[in-house]
Amino acid sequence: MNRKQESKRSMFIVVEEFVQNSDASVLALMPNFNSEYQDFVTALNDLRAASEDQLYNRTGARVEKELLQTAMVDLSMNIASRIRAYAYDSGNWFLFRKVNKSRSSIAKMKDSLSMDYCQMVHDEGTALLASLGAYGVVAQDLTDLQAAITVYMEWLPKPRTAIVDRRVQTELVSQYLGVCSAKVAAMDVHVKMLEWSHPEFYERYTFSRKLVTPGYRKLSLRGTITNEMGEALAGAVVRIGSLGVSKRSTGNGNYEFKSLPAGVYNVSFELQGYETHTQPVAIVANERTDVNVQLHEGVSMRIAS
């Protein structure tokens, strides 16, 4: 997934968590909301699976190919070193030069060339097996090498196939993102019903729907804190309890956090004379989350400095 898609998925995860932890009696006030939500959860789970497959197809095929190549080259180098010693002792300098390759040079060869070298070592070893016994080469060594070559040869086309599979997974990611977006939009319509009758629920849901935007420098989270009149609130404490960090808003009501670890955190906004506001916020690596908050006048509270 690209950054924009990852931002959307992070928002969807926050929405899912919010609804899961919401009062069932409030959710029951919205006809068809649960049906839309269940479809949303299904699509989100499909999105998770497609994203995991996308990640595997990007790296898994390459990693497995490298492991198979390593096994093949290691077996061939063991036999090649013994053929090399035999060639030296017998004065067969053509054979000596033919097998005299370092492991690093074989590993750097293109896929098919490294396989060709290993096959050559196998074939030379088979032809000289009777003479190589004294050098520690047995028939089983050659059988094992041929098996490794065969497995590697069968695997060679798979990274190319994985590219096609990755494209399919990428299309599925876009498809499931679209379904999630459509279901959340439908949920939005139902939640709008509760804007006046259940303002706290409506506000918290709305905040959970906020998208993160691309980050700049090391900023992870920023925003502005205002009162109900839209006036900036200075000195408000923004606290992320699970990380043990907090900031105070500036004279313009602004706050910011840098270099926060990725995750979903409950962030509280506190100011004496105002009700404390707490909401879940998703932090994505290398991106910035913007959260603007409006505090409502309420019971005064004392905030530790």
Side-chain angles (χ1 to χ4, degrees), residues 4-51 174-213 221 223-231 233 236-242 263-271 273-284 289-301:
K4 184 176 180 180
Q5 291 175 326
E6 184 59 41
S7 296
K8 279 191 174 183
R9 188 174 75 154
S10 296
M11 180 268 289
F12 292 150
I13 291 172
V14 175
V15 170
E16 179 188 35
E17 181 181 1
F18 171 75
V19 175
Q20 282 179 344
N21 296 322
S22 293
D23 187 338
S25 64
V26 175
L27 299 179
L29 297 173
M30 298 176 287
N32 297 321
F33 179 87
N34 185 63
S35 175
E36 299 290 356
Y37 174 69
Q38 293 303 325
D39 290 344
F40 163 74
V41 171
T42 298
L44 185 57
N45 288 333
D46 290 338
L47 175 59
R48 290 190 180 102
S51 178
S174 297
Q175 175 184 326
Y176 294 137
L177 280 169
V179 174
C180 287
S181 295
K183 293 303 175 182
V184 167
M187 290 158 58
D188 291 347
V189 173
H190 292 86
V191 172
K192 186 71 174 177
M193 295 169 46
L194 307 183
E195 181 177 4
W196 305 110
S197 61
H198 294 76
E200 182 179 355
F201 173 85
Y202 175 80
E203 184 176 329
R204 288 174 62 82
Y205 174 85
T206 302
F207 275 118
S208 75
R209 288 275 285 106
K210 287 188 177 293
L211 272 176
V212 295
T213 54
L221 173 63
T224 303
I225 304 173
T226 60
N227 60 18
E228 295 171 283
M229 303 297 293
E231 300 168 333
L233 294 177
V237 176
V238 185
R239 194 187 314 277
I240 307 177
S242 59
V264 178
Y265 304 100
N266 284 324
V267 182
S268 64
F269 301 82
E270 309 167 359
L271 182 63
Y274 291 83
E275 296 178 356
T276 297
H277 173 81
T278 303
Q279 70 174 77
V281 174
I283 301 298
V284 180
T289 304
D290 290 346
V291 177
N292 299 322
V293 171
Q294 184 181 91
L295 295 183
H296 302 281
E297 291 187 9
V299 179
S300 299
M301 62 176 295

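None of the values given here were measured: they were computed from a predicted structure.
- Side chains of V267 and V291 form no contact here, defined as non-hydrogen atoms less than 4.5 Å apart.
- Taking the side chain as every heavy atom from C-beta outward, P31 and M193 approach each other to under 4.5 Å.
- In terms of heavy atoms, D23 sits closest to S25 at OD1-OG, 2.7 Å.
- Contact of the F207 side chain with the P280 side chain is not registered, since no non-hydrogen atoms from C-beta on lie closer than 4.5 Å.
- Legend: residues meeting salt bridge (Lys or Arg N to Asp or Glu O under 4.0 Å) with E200, ordered by chain and number and at least two apart, are absent.
- Y37 is linked by a ring-ring contact (aromatic ring centres under 6.0 Å, His included) to nothing, counting only residues two or more places apart in sequence or in another chain.
- Between V179 and A43 the shortest heavy-atom distance is CG1-CB, 3.5 Å.
- Nearest approach of E203 to Q294, heavy atoms of both residues: OE2-O, 3.9 Å.
- Annotation for L221 and V281: closest pair CD1-CG1, 4.1 Å, computed over non-hydrogen atoms.
- Remark: N292 pairs with T224 by the side-chain contact (heavy atoms from CB on, under 4.5 Å) rule, at least two apart or across chains.
- Qualifying salt bridge (Lys or Arg N to Asp or Glu O under 4.0 Å) partners for D46, counting only residues two or more places apart in sequence or in other chains: none.
- Note on residues 183-204: pairs passing ring pair (Phe, Tyr, Trp, His ring centres under 6.0 Å), not counting sequence neighbours, are F18-F201.
- Side-chain N/O atoms of Y176 and N45 include no donor and acceptor closer than 3.5 Å.
- The side-chain contact (heavy atoms from CB on, under 4.5 Å) test applied to E17 returns N21, V264, not counting sequence neighbours.
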